[in-house]
2 protein chains.
Amino acid sequence: MKERDAELRALVGYGVKRANSALVGGVAQLLGRFDLRRTTFSALSVIANNAGIRQSDLAEVLAIERPNLVQILDEVQRAGWIARARDGADRRVYRLTVTAAGLARLTEAGDALRTYDARLTRGMSAQERTALIAALRRVEENGLHALDEEAWEGPDVGEISTT
Amino acid sequence: MKERDAELRALVGYGVKRANSALVGGVAQLLGRFDLRRTTFSALSVIANNAGIRQSDLAEVLAIERPNLVQILDEVQRAGWIARARDGADRRVYRLTVTAAGLARLTEAGDALRTYDARLTRGMSAQERTALIAALRRVEENGLHALDEEAWEGPDVGEISTT
DNA sequence: TATTGTTATACTCTATAACTATA
DNA sequence: TATAGTTATAGAGTATAACAATA
């Protein structure tokens, strides 16, 4: 029997939305055990791997608006996992670093999350998983421009970095 | 140079979230031209392909909660695109059908959306696109169970329907 | 003037409890 | 009692305008 949402299932966008919705709950529950949310975990990860990053750069990396990052960092700082230090040269900017406690929490939560994430691709080969991640990256990139190019016509094969 | 969110980019869940975020704006803008949103378009599509479907079944197909479906259908009905008819046998249930105007709107918006959606996989072969859709389906399915199976260990290769 | 971080705000999407009317 | 649809509500996530401090 044909699926009742077969017409929608032909759309990549629908698949992405359904997959994301199916993930959100589980990830939130898992990260909640470490008093983290998706956004606070992501922020912690990027700060840990980019010591001294500025808030505005962090917002750009995570593709979130600056105002929304404020409360995220407030939360992480309140937990004692990051430090905000004024830049000596430009006293408008904050330099962000993780504390020892923050690194420990990131490692714990990261291990659990990677285990969870690996389960998402159960039944797929390592190559299929890698291809999926690359394909999602391409969809993200294409999605950011898809409306700019209303005049687009042929099977343009623009290359984007997937490495 | 290594990407600043490289640690996150190794996660399928992060890729799904980023791809979804990149899509939402464009899809909303495109569907907005037809006075539709993602949810109202999806509802219209499923009703059109399942004449007489009940609200509770529609909610299940779209994986949205029943209360949230009410305002979605109110909106679509107000536009004159669907009809709610009480079932003769069980007067609690509504039988949903699309009107001629609804079908016309669905067709117009669907054509535009499929063109947009095809652009998302630009640079990918038809096989890669098909594989992506199947992989997303698997991720969705796995994601719904990933927390149930905390004790999971080996490379279980459970088969799920992808047809 | 422009930029960094901030506040306030609003809008969408989603999730739950409780009600009504029917069964 | 249980179910279909509904109402009300609350929580995330996200987006924009406008402000103070600094450049």
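In what follows, chains carry the letters A, B, and so on, assigned in the order in which the sequence lines appear, proteins first and then strands, with residues in each chain numbered from 1.
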Could you check whether any side-chain heavy atom of B/R4 comes within less than 4.5 Å of a side-chain heavy atom of A/L62, counting everything from C-beta outward?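 Of all side-chain heavy-atom pairs linking A/L62 with B/R4, none is under 4.5 Å.
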
Need one value for [X]: base, sugar-phosphate or nothing, where a base atom within 4.0 Å counts as base even if backbone is also close, heavy atoms only.
X	result
A/R37	sugar-phosphate
A/E65	base
B/R38	nothing

Which donor-acceptor pairs under 3.5 Å do side chains of residues 20-31 of chain A form with protein atoms, sequence neighbours excluded?
| unit_1 | atom_1 | unit_2 | atom_2 | d |
| --- | --- | --- | --- | --- |
| A/N20 | OD1 | A/R38 | NH2 | 3.1 |
| A/S21 | OG | A/K17 | O | 3.0 |

Give each protein N/O atom lying under 3.5 Å from an N/O atom of nucleotides 17-23 of chain C, with the pair distance.
| unit_1 | atom_1 | unit_2 | atom_2 | d |
| --- | --- | --- | --- | --- |
| C/dA23 | OP1 | B/R91 | N | 2.9 |

task: Return each pair, listed once, that meets salt bridge (Lys or Arg N to Asp or Glu O under 4.0 Å) where at least one residue sits in residues 43-55 of chain A; pairs must be two or more places apart or across chains.
output: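 Qualifying pairs, neighbours excluded: A/R54-A/D57.
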
Hits for salt bridge (Lys or Arg N to Asp or Glu O under 4.0 Å) against B/R92, two or more places apart or cross-chain, chain-then-number order -> B/D90

Residues passing the salt bridge (Lys or Arg N to Asp or Glu O under 4.0 Å) test with B/R9, sequence neighbours excluded, are A/E140, B/D5

Closest nucleotide among C/dT6, D/dT6, D/dT14 to the A/Y94 side chain
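Nearest listed nucleotide: C/dT6.
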
With sequence neighbours left out, the residues meeting side chain to side chain donor-acceptor pair (under 3.5 Å) with B/E7 are A/S45, A/N49

inquiry  = With nearest nucleotide decided by heavy atoms, which residue, A/K17 or A/R66, maps closer to the 5′ end of DNA chain C?
reply    =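 Counting from the 5' end, the first nearest nucleotide belongs to A/R66.
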
Whole-Å distance, B/R84 CZ to D/dG5 C1', equals 9 Å

Worksheet item: Is any side-chain N or O of A/Q71 closer than 4.0 Å to OP1 or OP2 of C/dT6?
Response: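 For C/dT6, neither OP1 nor OP2 has a side-chain N or O of A/Q71 closer than 4.0 Å.
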
